[in-house]
There are 2 protein chains.
Amino acid sequence: MPEQTKYVLSESEMPEAWYNIQADLPFDLPPVLHPGTKQPVGPADLAPLFPMELIKQEVSKERWIEIPKPVLDVYTIWRPSPLYRAHRLEKALQTPAKIFYKYEGGSPAGSHKPNTAVAQAFYNKEAGTKRIATETGAGQWGSALAFACQMFGIECKVYMVRTSYDQKPYRRNLMETWGAKVVASPSMDTNAGRTMLAQDPNCYGSLGLAISEAVEDVVTNPTPSKYALGSVLGHVLLHQTIVGLETIKQLELADAEADVLVASVGGGSNFAGLTFPFLPAKFKDPTSKLRVVAIEPAAAPSLTRGVYAYDFGDLSMMTPLIKMYTLGHGFMPAPIHAGGLRYHGMASAICELYRHGYIEARAVNQKATFEAGVLFARTEGILPAPESAHAIRGAIDEALKCREEGIGRTIVFNLSGHGHFDLTSYEKYMNGKIEDYVLPEEEIKKAQEALPII
Amino acid sequence: MPEQTKYVLSESEMPEAWYNIQADLPFDLPPVLHPGTKQPVGPADLAPLFPMELIKQEVSKERWIEIPKPVLDVYTIWRPSPLYRAHRLEKALQTPAKIFYKYEGGSPAGSHKPNTAVAQAFYNKEAGTKRIATETGAGQWGSALAFACQMFGIECKVYMVRTSYDQKPYRRNLMETWGAKVVASPSMDTNAGRTMLAQDPNCYGSLGLAISEAVEDVVTNPTPSKYALGSVLGHVLLHQTIVGLETIKQLELADAEADVLVASVGGGSNFAGLTFPFLPAKFKDPTSKLRVVAIEPAAAPSLTRGVYAYDFGDLSMMTPLIKMYTLGHGFMPAPIHAGGLRYHGMASAICELYRHGYIEARAVNQKATFEAGVLFARTEGILPAPESAHAIRGAIDEALKCREEGIGRTIVFNLSGHGHFDLTSYEKYMNGKIEDYVLPEEEIKKAQEALPII
């Protein structure tokens, strides 16, 4: 047999609890504030939107939160997911580094998103929710939630930004095949949508507007409805930790120890999923040599170029205020191809870890990212999502540094999804039509004019 | 833990030899004839198109053919593939049957095709081939070969039928990302293409013409070039048997014994892959209760409605003559959505097994197939390719029969690929725009007028 490529766990070896980093953080997280009163939000503020179990998870300090059996049961469709050793990529890079990647693209929706969508659908089902409404941009989150709702017999309504709805019908079709109702946002189904359409019947829509529509839908619908979010919030990050917990077991199988962890960041759930379970080692031992690197797009560089301030989570200023590194809630990222990373802010815990020096961050540009994605497809075979290609770029750069320094470090990254629905972006790259985008300083300054809010 | 869903083998448990059914067939296969001389073809006739190792495999009677280590090495990217127990589908059908499915959609190209593409690329590499040319319709086979050639550093040229090239750019982009050169057929790169374009500059192309172009390319190109085929031939079926060999091991893990095997058939490689390794049990024991069922589309029902005769493998009458159940090489199947099953004939060994009563065949129509595919996506989560949905339909019908009869049989089918590139077909189905197509008897009669050829 050739040298081992995949490290696979059996279903009986799947983690049975999520890891809650709040139990171990060596600092307190700043409270989340109510957008009206500017006072810390309490469970009652969130109850119209989320079932109580998820609200509890937001503030829990329990280290381990048991994964309910029906959630494990759905997880088995694609979990435990494989950890790969990237033999061919290493060879192409002529690096002494060992590169491992965890692959989350084998889920039905093709990314890590179902790890939390399934959990959220379950807790909603338990709480008697009959419908869940959400927003989606290109459709990654919407398709994960459509799948999860179908598994638990919950209606799913997705407000999909009009541009994507028209130009990227594949993920819409996928959601509909799983039984979700998908409407273009702005829609005629909400006041927010109708108001916008009255002003501009050809409005392209925006994620902020789609959030407004979903939230209005949830609080006004006669059927018991809740809202669901695919990143940023603490419970979302929590559900993703199964990724890192499996990775720890698989690295033991491979007799390897991570020197560098790499993951892409948009709102932070993919990054948290891989890295949080590894961080207690750094909390306990400040001399630990483990490096943890977040890769963000140069077009939305919240960690590397944002300011640390209280800000809204959304463009329409409806969400609670979160203390974070932010480009300003009014920031409109360039239309880069990694749609999942176009976000102005970042999950609170990740910002605090960055501020306290436990993790690093780097911004990478589009062409270098697609170059990495194509090299990966041609060596490892798997076509990566443009979001995941950011992590690949980061891992490749670390491996090239190992080559320069002649040091054989172990690099582990999260390949968060496949690129089967992103092939037009690859086509553009192959035809030289992908441009780099360096964000002008004035643009950040302008978007941050509203800050600090308190 | 919930009841087990997936049965997973480690890389060290992967089969290290393919199973060659020719060692055990209780009858001889009719010889393949030269299209000019009508005499049995010899190795020299095939040498311009295929490397000698593959030609040897066409006629070998060795029971086990060792899988070369570099092929196993690439297989580990997605193999061993999982065997699933379809708990949710069983529940939805209220059937006492146990349904298992082998999932081949986890390969980089998304179907079972890479099982043979990788092997063919390897043997070509060993024989000094620098380029491989092939044809593709919707792109399943072309993308598998593009991936495989990239893994072994061989140039890949794909003649893609013009209609698909224009209307289905995703698989073309995938091939290009893997470094293949893809041209629309008819092309200006061959005499066959130029002649056709001179007659009709807007010609849509056909698979037959694309084959002609690929073969002409191979025999005229100054760089040492070979041709590759994705189904029908013996060596292609051989390479797919790893599917069934793994399934046998996994059923043992599940402590289950198959009563009914189900697979879809176009040219036959997917069907052979799952079922051939199970057939020796039937050869040895004529009272064996194992049933083996081939599911073909009602629009191309070669086994159920074809005649048994020598016929060409292609429309352009360039291939050797094969004794098979055929609708006639001039038969032009309706443009159903399962493009991979639109074939007028069938692999020789499968036809002989059918003729001698070892296997059964059923034709299913489009709407019932998509209905099965959607039910599968909504219960098991995975979106199936329309080709694979034929097998799902067959398995569901067997499971419903079990319910009627109150018998808990074990049904095993091959889920040969995912439907990520077929979502426009699902959209049409969801919108009621998929039509059934019952083939008029006159149409078959007309296409078979040229038969028997000898």
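Chain letters run A, B, ... following the sequence lines, proteins first and then strands; every chain starts at 1.
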For this session: Check whether any side-chain heavy atom of A:Tyr426 lies under 4.5 Å from a side-chain heavy atom of B:Asn173, and answer yes or no.
Result: no
Exercise. CH2/B:Trp78 to CD1/A:Ile382 distance, rounded to the nearest 0.5 angstrom?
Worked result: 11.0 Å
Exercise. Which region of A:Phe421, side chain (C-beta onward) or backbone (N, CA, C, O), has a non-hydrogen atom less than 4.5 Å from a non-hydrogen atom of chain B, or is it both or neither?
Worked result: both
Exercise. Between B:Leu383, B:Val8, B:Val374, which residue shows the highest count of heavy-atom pairs closer than 4.5 Å to chain A?
Worked result: B:Leu383
Problem set entry | Among the listed options B:Tyr103, B:Tyr7, B:Tyr84, B:Tyr429, the residue most often paired with chain A at heavy-atom distances under 4.5 Å | B:Tyr84
Problem set entry | Portion of B:Thr177 that has a non-hydrogen atom of chain A nearer than 4.5 angstrom | both
Exercise. Where is the tightest heavy-atom contact between B:Arg378 and A:Gln150, given as atom of each residue plus distance?
Worked result: O-CG, 3.3 Å
Problem set entry | Greatest number of heavy atom pairs closer than 4.5 Å to chain B - which of A:Pro108, A:Gly105, A:Ala148 | A:Pro108
For this session: Pick one of side chain, backbone, both or neither for A:Tyr170, based on which atoms fall under 4.5 Å of a heavy atom in chain B.
Result: both
Problem set entry | B:Lys249 atom NZ: more than 12 heavy-atom contacts under 6.0 Å | yes
Exercise. Do A:Arg88 and B:Ile77 come close enough that some side-chain heavy atom pair is under 4.5 Å?
Worked result: yes
Problem set entry | Interface moiety of B:Ser107 toward chain A, non-hydrogen atoms closer than 4.5 Å | neither
Exercise. At what distance, to the nearest 0.5 angstrom, does CG of A:Leu174 lie from NE2 of B:His420?
Worked result: 7.0 Å
For this session: Give, as side chain, backbone, both or neither, the part of B:Arg79 having an atom under 4.5 angstrom from any heavy atom of chain A.
Result: backbone
Exercise. How long is the span from the NZ atom in B:Lys168 to the CG atom in A:Leu423, to the nearest 0.5 Å?
Worked result: 14.5 Å
Exercise. Taking everything shown except A:Glu66 itself, do over 12 heavy atoms lie less than 6.0 Å from its CD?
Worked result: no
Problem set entry | Whether over 12 other heavy atoms sit under 6.0 Å from B:Lys428 NZ | no
Problem set entry | Gap between atom CD of B:Glu11 and atom NZ of A:Lys6 - 0.5 Å precision | 4.5 Å
Exercise. Would you call the rings of A:His418 and B:His418 parallel, tilted or perpendicular, where under 30° means parallel and over 60° means perpendicular?
Worked result: parallel
